[in-house]
**Q** 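Below is one structure. I have some questions about it.
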Amino acid sequence: MTTSQVLLTSGGSPPQVGIPQGLSIEQMLLYSAWIHGMRVGQVVHRLELFSYIQSHIANKADETLQTVIEKKPKHWIRNPRENGFYVMQNGALEDMRNYFGEINNPIEFSSGISFFRDYKGRRFSVTAVLSRDLIINLDGKTVSGSEAINALAELGQFLSESNSSKPRKIFNWILKDNDYTWTSRYKNDISETKNNFLVQQDIFFKEEDDELSFPEGREIYKLHRSKERNKSLIDLVKKTALNRDNKLRCQVCKFSFSEIYGDLGEGFIEAHHIKPLSELSEHTETRIEDIILVCSNCHRMLHRKRPWLTTERLQYLIKTKD
């Protein structure tokens with residue numbers, strides 16, 4: 001197969017000129033590893049492989065790529081100590097050489113790639129912050145996945161009620177119709193510290209961002225075995241929400257306890273976990289994105305049926321109840 005080494009810092013939807021055409025998804029993953037000069041035993045975050053594919057090769061959904069990398073133990077083994085990381089195997093190197101030959105001048109992985117899509121006068125973007133996950137931006141402002149999904153709903157674009165995380169839903173929507181643009185971000189133009197994930201032009205992410213992960217589902221022993229939620233995560237979600245809206249409104253119906261009950265309701269809201277506790281294991285990591293803050297009534301309604309209703313579905317029911 002004739003190969004080339006293409007690295008652009010920005011562009012439109014793929015495929016880019018010079019990229020081999022007709023690659024299977026398995027070959028796309030290998031090409032991404034090949035062009036970056038990966039070696040056996042090297043650990044890579046999935047977004048480092050996926051983002052190059054999505055910017056240079058094909059508009060493949062994150063879940064599609066995830067499914068293939070999981071099914072190829074000959075090429076990739078999940079790193080058990082770090083969520084989202086994979087270790088390259090001997091089989092990957094052998095097949096890379098068979099498909100693409102030897103790599104001459106490998107390129108470095110970017111620190112992140114931002115994908116943009118303009119829709120009905122609004123600009124949606126998702127930044128794949130490599131080794132950090134997906135960050136949502138709307139009209140130049142960092143927002144949660146819920147806020148972006150609600151903005152799309154107001155524009156008449158309703159995303160599917162799949163089990164994907166909300167950032168992934170937004171990301172897949174941006175990639176879906178192949179009319180997006182993208183920009184790579186490299187170490188020399190990105191400032192990363194312990195408290196800042198990314199500072200670059202219109203993107204600013206703090207430690208309280210939606211993509212922070214927290215271990216959950218740890219088993220504790222009292223008179224019987226049970227599972228516990230991570231209270232620190234709930235506190236952080238509420239603190240972040242209060243910084244955005246001091247009325248701490250329900251994310252479904254906009255009800256505010258402080259507006260109705262005054263001082264008694266100040267700072268009160270309930271936390272709804274999108275993932276049922278029964279589905280968590282000791283190694284499950286929950287992000288801020290996996291939790292929404294709701295009033296007591298909406299919380300009960302979200303749990304009323306199995307599978308649980310999504311916030312989008314409950315909002316639709318409220319709007320169409322008449």
**Q** With hydrophobic residues grouped by side-chain heavy-atom distances under 4.5 Å, do F158 and L309 end up in a single group?
**A**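 Hydrophobic grouping puts F158 apart from L309.
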**Q** Could you walk me through whether I291 and I274 pass side chain to side chain contact (heavy atoms under 4.5 Å, CB included), step by step?
**A** CA-CA 6 Å; I291 293 174; I274 295 173; over 6 Å; no
**Q** Atom CD1 of I149 and atom CG of L159: how far apart are they, to the nearest 0.5 Å?
**A**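 Between atom CD1 of I149 and atom CG of L159 there are 5.5 Å.
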**Q** Is any side-chain heavy atom of S184 less than 4.5 Å from a side-chain heavy atom of I113?
**A**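 Contact flag for S184/I113 side chains = yes.
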**Q** Quick one: does R249's side chain have a donor or acceptor within less than 3.5 Å of a partner on L293's backbone?
**A**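 Looks like no, no N/O pair under 3.5 Å.
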**Q** Would you call the rings of H56 and W182 parallel, tilted or perpendicular if under 30° counts as parallel and over 60° as perpendicular?
**A**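 Correct class here is tilted.
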**Q** Under a 4.0 Å threshold between the charged nitrogen and the carboxylate oxygen, would R123 count as salt-bridged to D139?
**A**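 Answer for the salt bridge query: no.
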**Q** Could you give the distance from CD1 (I260) to SG (C295), rounded to the nearest 0.5 Å?
**A**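 Between I260 CD1 and C295 SG, I get 11.0 Å after rounding to 0.5 Å.
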**Q** Might you point out which heavy atoms bring P14 and S55 nearest each other, and give the distance in Å?
**A**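 Smallest interatomic distance, heavy atoms only, reads CB-O, 3.8 Å.
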**Q** Tell me, yes or no, whether the heavy-atom count around D177 atom CG, taken from other residues, nucleotides or ligands under 6.0 Å, exceeds 12.
**A**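 Correct, the count exceeds 12.
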**Q** Say whether S256 and S258, considering side chains only, have a donor N or O and an acceptor N or O under 3.5 Å apart.
**A**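 Yes, S258 and S256 have a side-chain donor paired with an acceptor closer than 3.5 Å.
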**Q** Please walk me through it: do L29 and H75 pass side chain to side chain contact (heavy atoms under 4.5 Å, CB included)?
**A** CA-CA 9 Å; L29 289 164; H75 295 156; over 6 Å; no
**Q** Donor-acceptor pairs under 3.5 angstrom involving side-chain atoms of residues 84-92: please list them, not counting sequence neighbours.
**A**
unit_1, atom_1, unit_2, atom_2, d
Y86, OH, Q66, NE2, 2.7
Y86, OH, E70, OE2, 2.5
Q89, NE2, V87, O, 3.1

**Q** Hey, does the side chain of Q54 reach the backbone of Y52 with a donor-acceptor pair shorter than 3.5 angstrom?
**A**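 Not at all, since once roles are kept as given, no pair shorter than 3.5 Å links the two residues.
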**Q** For residues 148-158, which residue pairs qualify under side chain to side chain donor-acceptor pair (under 3.5 Å), counting only residues two or more places apart or in two chains?
**A**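 For residues 148-158: Y119-Q157.
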**Q** Would you check if the side chain of T64 reaches a backbone N or O of K60 as a donor-acceptor pair within less than 3.5 Å?
**A**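 No: the side chain of T64 does not pair with the backbone of K60.
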**Q** Step through the shown structure and confirm whether more than 12 heavy atoms of other residues, nucleotides or ligands are within 6.0 Å of CG on D263.
**A**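 Not buried by this count: 12 neighbours or fewer within 6.0 Å.
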**Q** Treating H45 as the side-chain partner and L47 as the backbone partner, does any N or O pair qualify as donor plus acceptor under 3.5 Å?
**A**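 A pair under 3.5 Å: yes.
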**Q** Would you say the ring centroid of Y31 lies under 6.0 angstrom from that of F100?
**A**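 When the ring centroids of Y31 and F100 are compared, they turn out to be within the sub-6.0 Å range.
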**Q** If only atom types and distance count, is the side chain of S51 paired as donor or acceptor with the main-chain N or O of E48 below 3.5 Å?
**A**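 The answer is no, because no donor-acceptor pair under 3.5 Å joins these two groups.
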**Q** Rounded to the nearest 0.5 Å, what's the gap from CG on L314 to CD on Q251? Could you check?
**A**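 L314 atom CG to Q251 atom CD measures 12.5 Å (nearest 0.5 Å).
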**Q** Take I135 and T142, measure what side chain to side chain contact (heavy atoms under 4.5 Å, CB included) needs, and give me the verdict at the end.
**A** CA-CA 8 Å; I135 309 297; T142 303; 4.1 Å; yes
**Q** May I have the step-by-step check of side chain to side chain contact (heavy atoms under 4.5 Å, CB included) for L152 and E312, ending in yes or no?
**A** CA-CA 11 Å; L152 279 174; E312 293 83 7; over 6 Å; no
**Q** How many angstroms lie between atom CD1 of I170 and atom CG of N137, to the nearest 0.5 angstrom?
**A**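 Reported value, rounded in 0.5 Å steps: 12.0 Å.
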**Q** Please say whether more than 12 non-hydrogen atoms of neighbouring residues, nucleotides or ligands are located less than 6.0 Å from CZ in F268.
**A**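 Count over threshold, so yes.
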**Q** Using distance alone, with no hydrogens and no angle criterion, decide if K166 and S146 have a side-chain donor and acceptor under 3.5 Å apart.
**A**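 The criterion, which ignores hydrogens and geometry beyond distance, is satisfied for S146 and K166.
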**Q** Determine whether T181 and R117 make a side-chain contact, defined as any pair of heavy atoms from C-beta on separated by less than 4.5 Å.
**A**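 SC-SC contact between T181 and R117 ruled out.
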**Q** F257 vs Y261 aromatic rings, parallel, tilted or perpendicular, using cut-offs 30° and 60°?
**A**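 The rings of F257 and Y261 lie parallel, inter-plane angle below 30°.
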**Q** Measure centre to centre between the rings of F171 and F115, then say whether the value is under 6.0 Å.
**A**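 Yes; F115 has its ring centre under 6.0 Å from that of F171.
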**Q** Regarding N172 and E63, is there a side-chain donor-to-acceptor distance under 3.5 Å anywhere?
**A**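 Indeed, the side chains of N172 and E63 share at least one donor-acceptor pair under 3.5 Å.
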**Q** Could you state the interatomic distance from NZ (K247) to CD1 (I269), rounded to the nearest 0.5 Å?
**A**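 K247 atom NZ to I269 atom CD1 measures 13.0 Å (nearest 0.5 Å).
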**Q** Looking only at side chains, do E270 and S296 share a donor and an acceptor under 3.5 Å apart?
**A**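 Per modelled atom types, E270 and S296 side chains form a pair under 3.5 Å.
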**Q** Are the side chain of T127 and the backbone N or O of S114 linked by a donor-acceptor pair below 3.5 Å?
**A**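 Judged by distance alone, no pair lies under 3.5 Å.
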**Q** Salt-bridge test for K71 and E26: reply yes if a basic N is under 4.0 Å from a carboxylate O, no otherwise.
**A**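 No salt bridge links K71 with E26.
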**Q** Atom NZ of K74 and atom CD of E94: how far apart are they, to the nearest 0.5 Å?
**A**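 Going from NZ on K74 over to CD on E94, the span is 6.5 Å.
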**Q** If Ile, Leu, Val, Met, Phe, Trp and Tyr residues are connected whenever their side-chain heavy atoms lie under 4.5 Å apart, and connections chain through other members, are L155 and I136 in the same group?
**A**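 Yes, it is one cluster - the side chains of L155 and I136 are joined through contacts under 4.5 Å.
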**Q** Would you name the heavy atoms of C253 and I318 that are closest together and state the gap between them?
**A**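 Distance-wise, the nearest heavy atoms are CB-CD1, 4.1 Å.
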**Q** I'd like to know if the side chain of S32 and the backbone of L49 have a donor-acceptor N/O pair within less than 3.5 Å.
**A**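 Flag set: sc S32 to bb L49 pair under 3.5 Å.
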